[in-house]
Amino acid sequence: MTWIAMVESNLTGSGFQALAAAHALGCDVLFLTRSPQLYLSRPGVAPLFERYVGEVVTVDTDDINALEEKLRPMMPGLRGVVTFGEYAVISTAAVARRLGLPGPDPDAVRRARNKDEFRSICRRSGLPTPRYAVLSELDAVAAAVAAVGLPCVVKPVDESASVGVRACFDLAEVTDTVAGLLAAPANSRGQARTSRVLIEECLVGPEVSVEIIAAGTEVVVLGVTDKVLAGMPAFVEVGHTFPSGLALELVEACGAAAVNAVRAVGLTDCVAHVELKVTADGPRLIELNARPAGDRICDLVRLATGIDVITAALRIGVGLAVDCSARKSGAAAIRFLTPVPGRVRRIRGLEIACTVPGVVDVVVSVTEGSEIGQLRNSHRRAGHVVAEADTAYAASHAAQTASALILVETDVEARSGDLMLEGPEQ
Ligand SMILES: Nc1ncnc2c1ncn2[C@@H]1O[C@H](COP(=O)(O)OP(=O)(O)OP(=O)(O)O)[C@@H](O)[C@H]1O
Ligand SMILES: [Mg+2]
């Protein structure tokens, strides 16, 4: 039996899809996590583990020695160690390196993962980046805001899914937000929090991501994804469309900036996902992830181009060659469900949403009785619709149309609906 080890996962799909993909590569999966329940409690995940995971190992996945201790006895049957979760990218690369298995340089991964280190690399390498300041104490806020300007974006250096990222419009808001981040002892995955916070110029313009395969030292752009954001003062991705509908020269400029970023941090032998804002002054880098995109963007790329990014990431992880050439030129889009906050009372419209031409996947991830909070990060979304079509416009239109047909009705919404029926106040 040959094994592939997967360390933790994201919660948005590609990590779970990778279990079946690893199986298809002829590998049994050893899944290492500090909390199996984080995954097994999610709808539909337990059967996937049952079917595709040979063994679940509970271990502190931030502890490279502990990971090595679990994995070394499996050599030489262990062919690779991979992760689809942002929080485990550094320890995964580090243990793969110790075991002599394929994968990126752990130092390069750390330069991408730590957002302040990434900003500093961008600045040193002359890459397009926002004005920013890094601080570790509240006393430094006023000077940082004076240097960066208002409005600004305050963010932790070690999160994902937009957790803790927020726009601030005045000094008091910045001070409150920084104080909250500095006071938290751990990030949302329970990892010890670094004592650093970023304050960045608020970039304005369409947001995109560039999907990349760094096969060996060759850096290949698979395409560019357009995003829809919501949730101000938070920034929550509520839609993605692949390929981008931006002008070709902008798409190429984004691709070039992303490739330069991958090279500047020194990433090789991995899949990468680079986020940018296209400002009036051109593309500006937001962040670089040394792993495949979450949010089903891998599905969009596969539907649009035929390139299976998830399998590509696994193949790179076990040292096999990957084919980065597109086999078709279609389009695909995802729209997330963002119901009015409150307790879910009824869910309707799924059947008609599925009949919208082009729709290939409809998922509602909440159930009656679930509590839906304010849209503050990606975990607050309530499901999604994926559609494919010949053009990006048609795909995003189909996904939008279908998602609008799904009614996740909350008690708050039901109350305001009743008020509406009463008509305007006299
Ligand atoms: N300097 C900035 N100017 C404007 N918007 C920003 C800036 N930095 C971040 N954002 C917005 O906040 C979102 C989340 O920021 P970032 O990508 O740094 O955090 P994250 O937690 O890694 O997010 P995710 O995992 O969802 O990609 C970005 O996608 C973008 O919309
Ligand atoms: Mg991001």
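Both counts, for ligands and for their atoms, begin at 1 and track the order of listing. Note: hydrogens, waters and symmetry copies are ignored here, and every other heavy atom, side chains too, is used. Since this is a predicted model, take the numbers as computed values, not measurements.
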**Message:** Below the 3.5 angstrom mark, is there an N/O of Ser378, backbone or side chain, next to an N/O of ligand 1?
**Reply:** no
**Asked** So, the side chain of Tyr87 versus the backbone of Ser160: is there a donor-acceptor pair under 3.5 Å, distance only?
**Response** yes
**Complete:** protein heavy-atom neighbour closest to atom 9 (C) of ligand 1 works out as Lys155 NZ, 3.4 Å
**Note: Asp308-Arg302 ion pair, threshold 4.0 Å (strictly below)** = no
**the Mg ion (ligand 2) - closest N/O/S atom in Glu275** = OE1
**Message:** Regarding Arg381 and Asp295, does a basic nitrogen lie under 4.0 Å from an acidic carboxylate oxygen?
**Reply:** yes
**Fill in**
atom 6 (C) of ligand 1: closest protein heavy atom, distance to 0.1 Å, is Val153 CG2, 4.1 Å
**Item:** Note: Arg166-Glu173 ion pair, threshold 4.0 Å (strictly below)
**Value:** yes
**Message:** Restricting to N/O/S atoms, is Glu237 within less than 2.8 Å of the Mg ion (ligand 2) or not?
**Reply:** no
**Prompt:** If you check every N/O/S atom of Glu287, which is the one nearest the Mg ion (ligand 2)?
**Reply:** OE2
**Message:** Under a plain distance cut-off of 3.5 Å, with no hydrogens placed, do Asn377 and Glu159 share a side-chain donor-acceptor pair?
**Reply:** no
**Prompt:** Would you call the rings of Phe336 and His240 parallel, tilted or perpendicular, where under 30° means parallel and over 60° means perpendicular?
**Reply:** perpendicular
**Message:** Quick test: of every protein heavy atom, which one is nearest to atom 29 (O) of ligand 1, and how far off is it to 0.1 Å?
**Reply:** Glu207 OE2, 2.5 Å
**Item:** Region of Leu203 engaging ligand 1 - heavy atom pairs below 4.0 Å
**Value:** both
**Fill in**
Heavy-atom proximity to atom 2 (C) of ligand 1 ranks first, among Lys277, Glu275, Glu201, Arg284, for Glu201
**Item:** Lys/Arg N to Asp/Glu carboxylate O, Glu368 vs Arg346, below 4.0 Å
**Value:** no
**Message:** Among all protein heavy atoms in this structure, tell me which lies nearest to atom 14 (C) of ligand 1, with the distance rounded to 0.1 Å.
**Reply:** Ser162 OG, 3.4 Å
**Prompt:** Less than 4.0 Å between a side-chain N and a carboxylate O, is that true for Glu409 and Arg345?
**Reply:** yes
**Item:** Nearest non-hydrogen protein atom, atom 24 (P) of ligand 1
**Value:** Ala161 N, 3.5 Å
**Item:** Within-cut-off N or O pair, Glu200 and ligand 1, under 3.5 Å
**Value:** yes
**Prompt:** Does ligand 1 have any atom that is closer than 4.0 Å to a heavy atom of Lys115?
**Reply:** yes
**Asked** Picking from Glu275, Glu200, Glu287, what satisfies salt bridge (charged side-chain N to carboxylate O under 4.0 Å, His left out) with Lys115?
**Response** Glu287
**Request:** Find all atoms of ligand 1 within a distance of less than 4.0 Å from any non-hydrogen atom belonging to Leu229, and give their numbers and elements.
**Result:** 31 (O)
**Prompt:** Taking only heavy atoms of Glu237, which atoms of ligand 1 are found under 4.0 Å from at least one of them?
**Reply:** 26 (O), 27 (O)
**Atoms of ligand 1, numbered as shown, that sit under 4.0 Å from any heavy atom of Cys202** = 3 (N)
**Atom of Ala22, atom of Ile4 and distance for their closest heavy-atom approach** = CB-CG2, 3.7 Å
**Request:** Determine whether the side chain, the backbone, both or neither of Asn289 has a heavy atom under 4.0 Å from any heavy atom of ligand 1.
**Result:** neither
**Asked** Which residue owns the protein heavy atom closest to atom 11 (C) of ligand 1, what's the atom, and how far is it?
**Response** Phe235 CG, 3.4 Å
**Item:** Carboxylate-amine/guanidinium contact Asp116 Arg119, below 4.0 Å
**Value:** no
